[in-house]
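Here's the structure we're looking at; comments come further down.
Excluded from the calculations below are hydrogen atoms, water molecules and symmetry mates; all remaining heavy atoms, backbone and side chain alike, are included. Start at 1 with the first residue, then count along the sequence.
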Amino acid sequence: MEYWIYHERQQAMLCGQHALNNLLQECVFSADSLAQLALQLDQMELNFMAQNNEGGITSKDYLNRVAEGSANVDSSGNFSIEVLRAALQRHYGLDLPNIRQEGTMDAIGDITNVEGFICNKEAHWFAIRKINERYWNLDSMEEQPKLISHFRLAAEMQALQDSGYSVFFVVNGLPPPCTSKEQQTRGLPECWWKEEDLVKGKGSSATTGASFPGSGVRLDGRRGNSNGIGDLSEEEMLQMALAASMERPVTKKVVELTPEPAADAAGVVRIQFRLPSGDRCVRRFLASDPVEMISLFVEDVSKDGQGRRAELRFGFPPRDLQTVVDKTIGEASLNGESIQCRQNELLSLQFLSSVVSRLFETSVFKYFTDCPPAIRMEGHRMVRRSFSSKEGLSSSSTPIAFFHHKSTSGYQSSQGNRNHT
């Protein structure tokens with residue numbers, strides 16, 4: 001049986017997302033889904049404080065917590081351990097305890113009984129996962145997975161802790177590793193490595209398992225690089241150029257969006273959509289239509305070019321539609337499927353706007369904290385009202401107007417007359 005190892009590489013500051021997906025050996029969590037989970041945890045914490053602190057939402061602890069901003073995600077996409085724990089618990093029912101937790105090692109026994117680890121130091125997360133009885137360091141900052149022997153595992157874990165890393169672990173229950181190319185649809189196609197090639201030191205790039213570039217003996221007896229043309233003679237390069245010019249160019253068939261077929265047409269299929277705008281719809285296609293027709297439909301019905309930037313996923317666990325783009329809708333078994341259309345930006349506009357809103361709200365709350373009680377209460381009400389209104393920050397009744405009025409006219413404080421600017 002052959003094994004394949006899933007290894008997402010670093011994008012922006014999303015190592016927490018990559019660590020989770022590498023631990024699970026499939027692309028499950030996106031930056032947007034983890035960000036939404038982080039904001040839910042923030043709100044749960046604020047709700048708890050509002051209900052249990054004397055003074056509720058006007059208590060000093062509550063206002064300080066709001067002023068601190070999110071404790072679970074920052075604007076660059078760094079996630080807290082609580083987000084990673086909640087993601088594993090909600091989706092897989094798995095716990096993620098700290099290895100230093102009292103009694104942990106006694107319960108584990110031998111450290112090689114553990115299926116996977118997540119390690120953290122400051123703002124960096126990475127995963128270590130057991131696959132085919134071997135441990136692999138799946139750090140998203142590394143070019144490829146790194147093998148850790150059973151004999152070195154305990155020493156590696158201790159060295160990480162000595163250097164300041166916190167180590168969390170999952171004893172068992174993780175999804176099984178990939179053992180065929182057909183199963184690779186559960187992850188991004190460019191992130192798969194063949195275990196056999198990595199063990200032999202042959203793997204140089206994901207998916208291909210190609211050998212490291214090297215040199216060999218040519219037919220003319222000279223040594224040359226097998227991966228380039230640097231050692232070819234001018235005559236050989238000329239022959240290559242002539243041969244390439246005579247090759248027939250491969251042209252891709254242009255696909256155009258056709259009208260929606262009738263409900264009673266032969267071979268008609270129905271597909272549900274959740275569009276980038278959030279709207280839902282159902283559209284009919286023919287089973288013989290190419291899968292690319294689905295992308296054309298999303299582009300056609302979306303506004304402001306959202307469809308062209310959308311990532312289309314289907315099935316469970318979600319798969320990228322691009323993995324079946326060369327098939328027909330019937331061959332891809334998409335009849336009755338639900339296509340989720342998500343913005344392809346690294347962080348969604350919704351997430352970024354929520355961060356901006358939180359930062360602005362935080363700055364206004366900080367300003368009102370030093371105000372007399374009457375002004376502070378009025379300011380807090382205006383902040384909450386403006387952020388829940390449809391007009392948002394463009395409304396004339398937003399905290400900006402109130403902030404400007406109070407900062408320019410001054411107010412009477414409990415400590416004497418002073419102007420706040």
Count the heavy atoms belonging to other residues, nucleotides or ligands that lie under 6.0 Å from CE of Met105, then report whether that count exceeds 12. yes
Please check if atom CD in Gln158 has more than 12 non-hydrogen atoms from other residues, nucleotides or ligands closer than 6.0 Å. yes
Ser295 and side-chain contact (heavy atoms from CB on, under 4.5 Å): which single residue from Leu321, Asp300, Leu257 fits? Leu321
For a side chain to side chain contact (heavy atoms under 4.5 Å, CB included) check, start with the C-alpha distance between Leu20 and Val28, then their side-chain angles and the critical distance, and finish with the verdict. CA-CA 8 Å; Leu20 277 178; Val28 180; over 6 Å; no
Does any non-hydrogen side-chain atom of [Y] lie less than 4.5 Å from one of [X]?
| X | Y | result |
| --- | --- | --- |
| Leu138 | Ile128 | no |
| Val83 | Val73 | no |
| Thr328 | Phe285 | no |
| Val324 | Arg319 | yes |
| Trp193 | Gln144 | yes |
| Leu286 | Ile329 | no |
| Lys194 | Trp4 | yes |
| Ile294 | Asp289 | no |

Residue pair [X] / [Y], side-chain donor-acceptor N/O under 3.5 Å:
| X | Y | result |
| --- | --- | --- |
| Glu8 | Asn22 | no |
| Arg100 | Gln161 | yes |
| Glu142 | Ser140 | no |
| Asp32 | Ser30 | no |

Quick check: closest heavy atoms across [X] and [Y], and the distance to 0.1 Å?
| X | Y | result |
| --- | --- | --- |
| Gly336 | Gln272 | O-NE2, 4.3 Å |
| Glu45 | Asn72 | OE2-ND2, 3.5 Å |
| Ala262 | Val268 | O-CG2, 3.8 Å |
| Pro276 | Val298 | CD-CG1, 4.3 Å |
| Tyr135 | Ile111 | OH-O, 3.8 Å |
| Asp320 | Thr323 | O-OG1, 2.6 Å |

To the nearest 0.5 Å, tell me how far [X] [atom1] sits from [Y] [atom2].
| X | Y | atom1 | atom2 | result |
| --- | --- | --- | --- | --- |
| Ile271 | Met293 | CD1 | CE | 11.0 Å |
| Phe168 | Ile118 | CZ | CD1 | 9.0 Å |
| Glu26 | Gln184 | CD | CD | 13.0 Å |
| Arg134 | Ile5 | CZ | CD1 | 8.5 Å |
| Ser166 | Glu122 | OG | CD | 10.5 Å |
| His150 | Asp110 | NE2 | CG | 8.5 Å |

Check ion pair Arg9-Glu190 (N to O, under 4.0 angstrom): no
Over 60° means perpendicular and under 30° means parallel, so tell me whether Tyr6 and Trp192 are parallel, tilted or perpendicular. tilted
Please work out whether the ring planes of Phe29 and Tyr92 are parallel, tilted or perpendicular, with thresholds of 30° and 60°.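 Perpendicular: the ring planes of Phe29 and Tyr92 meet at over 60°.
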Step by step, work out the side chain to side chain contact (heavy atoms under 4.5 Å, CB included) result for Leu88 and Leu84. CA-CA 6 Å; Leu88 287 175; Leu84 274 62; 5.8 Å; no
Measure from the side-chain N and O atoms of [X] to the backbone N and O of [Y], and report whether any donor-acceptor pair falls under 3.5 Å.
| X | Y | answer |
| --- | --- | --- |
| Lys327 | Pro290 | no |
| Arg284 | Pro261 | yes |
| Asn78 | Ser80 | no |
| Asn335 | Arg270 | yes |
| Gln340 | Arg313 | no |
| Trp125 | Ile81 | no |

Can you list the steps and then say if Glu195 with Asn132 is a side chain to side chain donor-acceptor pair (under 3.5 Å)? CA-CA 9 Å; Glu195 184 209 28; Asn132 192 23; 3.1 Å; yes
For Val325 and Gln322, what are the C-alpha separation, side-chain angles and deciding distance, and is it a side chain to side chain contact (heavy atoms under 4.5 Å, CB included)? CA-CA 5 Å; Val325 73; Gln322 289 299 313; 4.0 Å; yes
Does the side chain to side chain contact (heavy atoms under 4.5 Å, CB included) test come out yes or no for Asn113 and Val171, once each step is laid out? CA-CA 7 Å; Asn113 293 329; Val171 177; 5.5 Å; no
Under the side chain to side chain donor-acceptor pair (under 3.5 Å) test against Asp139, which residue among His7, Gln10, Lys146, His124 passes? His124
Determine whether the aromatic ring centres of residues His18 and Phe126 are separated by less than 6.0 angstrom. no
